[in-house]
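Scroll down for the structure; my scribbles are underneath it.
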Amino acid sequence: MSAAIIDGKAIAAQLRTRIAAQVARFRQSKGVAPGLAVVLVGEDPASQVYVRNKGKASVAAGIDSFEHRLDAATSQDELLALIGRLNADPSIHGILVQLPLPPQIDAGRVIDAIDPDKDVDGFHISNVGRLNTGQPGMVPCTPLGCLMMLRDHLGDLSGAEAVVLGRSNIVGKPMAQLLLRDNATVTIAHSRTRDLADICRRAEILVAAAGRPGMIGADWIRPGATVIDVGINRVPAASGKTRLVGDVEFDAAVAVAGAITPVPGGVGPMTIACLLANTLTAACRAHGVPAPEGLTT
Ligand code: NDP
């Protein structure tokens, strides 16, 4: 048996094409473009790449992209003042502050200063509360992308035994909430979980978000399970350079799983597509029109 490969790159490309068409309709009917502000503080190389890619993807979808690159020494007050201006600016529908932030800045305070309706990352405490209480809000992009792939591959998730490995605020916890909303039976596992392999082996849906390269071997996977590998880990390559791997031992897992996402080319492209989806959703809501079907939960 060999697992079906869930091609996140292809699913994300389809989603981006759909979003671009819906953005074009929005621009035509409202006379404005959805606007996304991306704020980067400092020169972290990985963050610079992420911000550049988000900007390019926005422009390709017809979304106006505004990049704010601030010096690494920027104070918390200066950053909060910028967030205040972006909150008040009607041409900005989504605000994303790239993490991590330099040590002089309290990321929690900055996130909670963002207008929840413009919080396209879905990290604001109001959006966390809305997700957990089943109200419409902004859903974090990475788990939203995972959910879309799961629905695309499995259809109805009702009653499925799901295990989420990882309990971070940006991936594990919102992922578990989304699966619960789709009526899966959800277990959240973490570094203090006992009998981790046994618990993972129960899963019909296994979402790996631990950030540990190749931690999940074939013997942790229930035969036929659908495996979503969120992990992005840089490891040394035979060439002497580095390469990206997930949390799942991919080559071994394909022999056991029913379906699996590759790394790269799985969750990563869906995360960016969902950022565009959230920006369009925010713009629609700001203009009092319903968000297009299928872009959010
Ligand atoms: P965090 O480090 O914030 O969280 C990791 C979670 O995994 C924690 O809950 C931790 O448990 C748990 N964990 C770590 N080691 C073990 C272990 N040995 N056994 C059991 N549980 C363990 O990471 P993130 O949630 O931010 O990210 C997870 C991974 O996903 C990373 O590789 C990251 O790069 C990737 N990522 C990918 C994205 C994408 O677009 N594809 C987007 C965001 C993240 P505990 O809470 O007990 O410490």
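Numbering of ligands and ligand atoms starts at 1, following listing order. Residue numbers start at 1 and run along the sequence shown.
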Check residues 285-297 and write down every donor-acceptor pair under 3.5 Å in which the side-chain atom is one partner and the other belongs to a residue at least two apart or another chain.
residue	atom	partner	partner atom	Å
Arg285	NH1	Gly137	O	2.9
Thr297	OG1	Arg181	NH2	2.9

Please tabulate, one pair per line, all N/O donor-acceptor pairs under 3.5 Å involving side-chain atoms of residues 34-52, not counting sequence neighbours.
residue	atom	partner	partner atom	Å
Asp44	OD2	Ser47	N	3.0
Asp44	OD2	Ser47	OG	2.8

Which pairs would a plain distance check flag for residues 224-232, meaning a side-chain donor or acceptor within less than 3.5 Å of a matching protein atom at least two apart in sequence or in another chain?
residue	atom	partner	partner atom	Å
Asp229	OD1	Gly231	N	3.2
Asp229	OD1	Asp247	N	2.8
Asp229	OD2	Asp247	N	3.2
Asp229	OD2	Val248	N	3.1

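Using a 3.5 Å distance cut-off with no hydrogens or angles, the side chains of Thr17 and Gln14 do not pair a donor with an acceptor.
Protein residues having at least one heavy atom under 4.0 Å from any atom of ligand 1 are Thr142, Leu165, Gly166, Arg167, Ser168, Ile170, Val171, His190, Ser191, Leu196, Ala209, Ala210, Gly211, Arg212, Met215, Val230, Gly231, Ile232, Asn233, Val267, Gly268, Thr271, listed by chain and number.
Classification of Arg85 and Asp115 as a salt-bridged pair fails, no side-chain N sitting under 4.0 Å from a carboxylate O.
Atom CE of Met270 sits about 6.0 Å away from atom CD1 of Ile11, to the nearest 0.5 Å.
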